[in-house]
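The structure appears below as structure tokens.
The figures here come from the full heavy-atom set of this structure, side chains too, leaving out hydrogens, waters and symmetry mates. First the proteins, then the strands, lettered A, B, ... as listed; each starts at 1.
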2 protein chains.
Amino acid sequence: MTYEMKFDALSCPTRRSVFEKLRGGALSVGVLAEGVPVSRPAVSQHLKVLKDAGLVSERRDGVRRLYSIDRAGLEEMRDYFDRFWDEALDAYKRSLETRDA
Amino acid sequence: MTYEMKFDALSCPTRRSVFEKLRGGALSVGVLAEGVPVSRPAVSQHLKVLKDAGLVSERRDGVRRLYSIDRAGLEEMRDYFDRFWDEALDAYKRSLETRDA
DNA sequence: TCATTTCGTAAGTCATAGCTTACTAATAAA
DNA sequence: TTTATTAGTAAGCTATGACTTACGAAATGA
């Protein structure tokens, strides 16, 4: 649930591509495993990492499990970079001012 | 310079903490290495990864090298999550509408 | 009840990421 | 022109992360 886990979860290319597949809405494990160059169990393991990181959530539907994006978790990452951007820009502006002085 | 490299660069905790130290402005390698639980050469290696990823830039100042945040690279990451967030929210809204129908 | 489908878990393999120490290079300063 | 600072590079070690196959569990349908 920490930044730590979220960054780590998104660092693996195949895991991130699984995550990105969920942009359009919920998908089952089988569908997520299609087109991904790894085995279905590997996708399950990736989903566990994403879930533990708070980036996806799961709901059961018969024998299927439907995974979808955890919007709160995604929002954390968005906010992290928004704040970082603002702070870096402020620091840059200050550096210009002090240079003028 | 790709997303690939940026995500990978930010996945390592100590590397990210080095990156975050630069929020306030440019710093030398020696200063960046203070308080970080790894050796100075390790910090140099982290800086190389961050630089290759387009997240930091470097300028020489005598015998020092001052590293600072590459705002264009950081902006890419911010935009990635901004777009992702918007798309995920749209998909969610659509899912609510189709459920009503 | 038995077979199918869908999926998570266990166990083991292999590459590599992150670290270390030793060194080399470049600038500054005496 | 030596001596100190500062920092990047080389080489090697070690833990671990991303995969595989084999198996077990839960829901569905015959």
Side-chain angles (χ1 to χ4, degrees), chain A residues 1-22 25-70 73 77, chain B residues 1-22 25-70 73 77:
Chain A
M1 297 276 297
T2 62
Y3 285 122
E4 194 54 53
M5 303 173 73
K6 290 185 175 64
F7 273 105
D8 184 67
L10 295 176
S11 68
C12 168
T14 65
R15 190 158 52 222
R16 199 169 59 253
S17 83
V18 166
F19 182 63
E20 291 176 348
K21 276 193 170 191
L22 295 174
L27 292 175
S28 69
V29 178
V31 172
L32 285 170
E34 293 171 8
V36 178
V38 297
S39 68
R40 183 200 50 75
V43 172
S44 269
Q45 291 163 6
H46 285 311
L47 286 167
K48 174 169 174 48
V49 174
L50 289 166
K51 186 181 171 187
D52 290 345
L55 286 169
V56 306
S57 58
E58 171 215 341
R59 82 165 188 273
R60 316 188 67 134
D61 173 47
V63 294
R64 307 246 178 107
R65 307 207 182 179
L66 295 181
Y67 284 85
S68 50
I69 288 180
D70 183 322
M77 291 302 287
Chain B
M1 296 276 296
T2 62
Y3 284 122
E4 194 54 52
M5 302 173 73
K6 290 185 174 64
F7 274 105
D8 185 67
L10 295 175
S11 69
C12 169
T14 65
R15 190 157 53 223
R16 198 168 60 253
S17 84
V18 166
F19 182 64
E20 291 176 348
K21 276 193 170 191
L22 296 174
L27 293 175
S28 70
V29 179
V31 173
L32 285 170
E34 293 171 7
V36 178
V38 297
S39 68
R40 183 199 51 75
V43 172
S44 269
Q45 291 163 6
H46 284 311
L47 286 167
K48 175 169 173 48
V49 174
L50 289 167
K51 187 180 171 189
D52 290 345
L55 285 169
V56 307
S57 58
E58 170 215 342
R59 81 166 188 273
R60 315 187 68 136
D61 172 47
V63 67
R64 307 244 177 109
R65 307 208 183 179
L66 296 181
Y67 284 85
S68 50
I69 288 180
D70 184 323
M77 291 303 287

Stretch residues 50-66 of chain A: residues that reach within less than 4.0 Å of DNA chain D through a heavy atom = Gly62(A), Val63(A)
query = When the distance from CD of Glu4(A) to P of dG17(D) is rounded to whole Å, what number comes out?
reply = 11 Å
key: Short side-chain to backbone donor-acceptor contact, Arg15(B) and Ala9(B), under 3.5 Å   = yes
Nucleotide N/O of nucleotides 12-16 of chain C paired with protein N/O under 3.5 Å:
none

query = Can you check whether Lys21(A) reaches Val36(A) side chain to side chain, under 4.5 Å on heavy atoms?
reply = yes
query = Which atom pair, heavy atoms only, marks the closest approach of Leu32(A) to Val18(A)?
reply = CD2-O, 3.9 Å
key: Interatomic distance where CG belongs to Leu47(A) and C1' belongs to dT6(C) [whole Å]   = 13 Å
task = Mind listing the closest non-hydrogen atom pair of Gly54(B) and Met1(B) along with its distance?
result = CA-SD, 4.1 Å
inquiry  = To check you understand the geometry: which heavy-atom pair defines the closest contact between Val29(A) and Ser44(A), and what is its length?
reply    = CG1-OG, 3.9 Å
query = Is any side-chain heavy atom of Phe7(B) less than 4.5 Å from a side-chain heavy atom of Thr2(B)?
reply = no
ask   = Any donor and acceptor pair, going by atom type alone, linking the side chain of Lys6(A) with main-chain N or O of Ala53(A) inside 3.5 Å?
value = yes
message = Under 4.0 Å from OP1 or OP2 of dT6(C): is there any side-chain N or O of Tyr67(A) that close?
response = no
request  = Between protein and nucleotides 18-25 of chain D, map the contacts as a letter string: B base, S sugar-phosphate only, - none, heavy atoms under 4.0 Å, written 5' to 3'.
outcome  = SBBBB---
key: Non-hydrogen atoms of Leu66(B) and Ala26(B) that approach each other most closely   = CB-CB, 4.3 Å
message = Quick one: does any side-chain atom of Arg16(B) pair with a main-chain N or O of Leu10(B) as donor and acceptor, under 3.5 Å?
response = yes
ask   = Of the non-hydrogen atoms in Pro13(A) and Glu4(B), which two are nearest, and what is the gap between them?
value = CG-OE2, 2.9 Å
request  = Quickly work out the Lys48(B) NZ to dG8(D) P distance and round it to whole Å.
outcome  = 10 Å
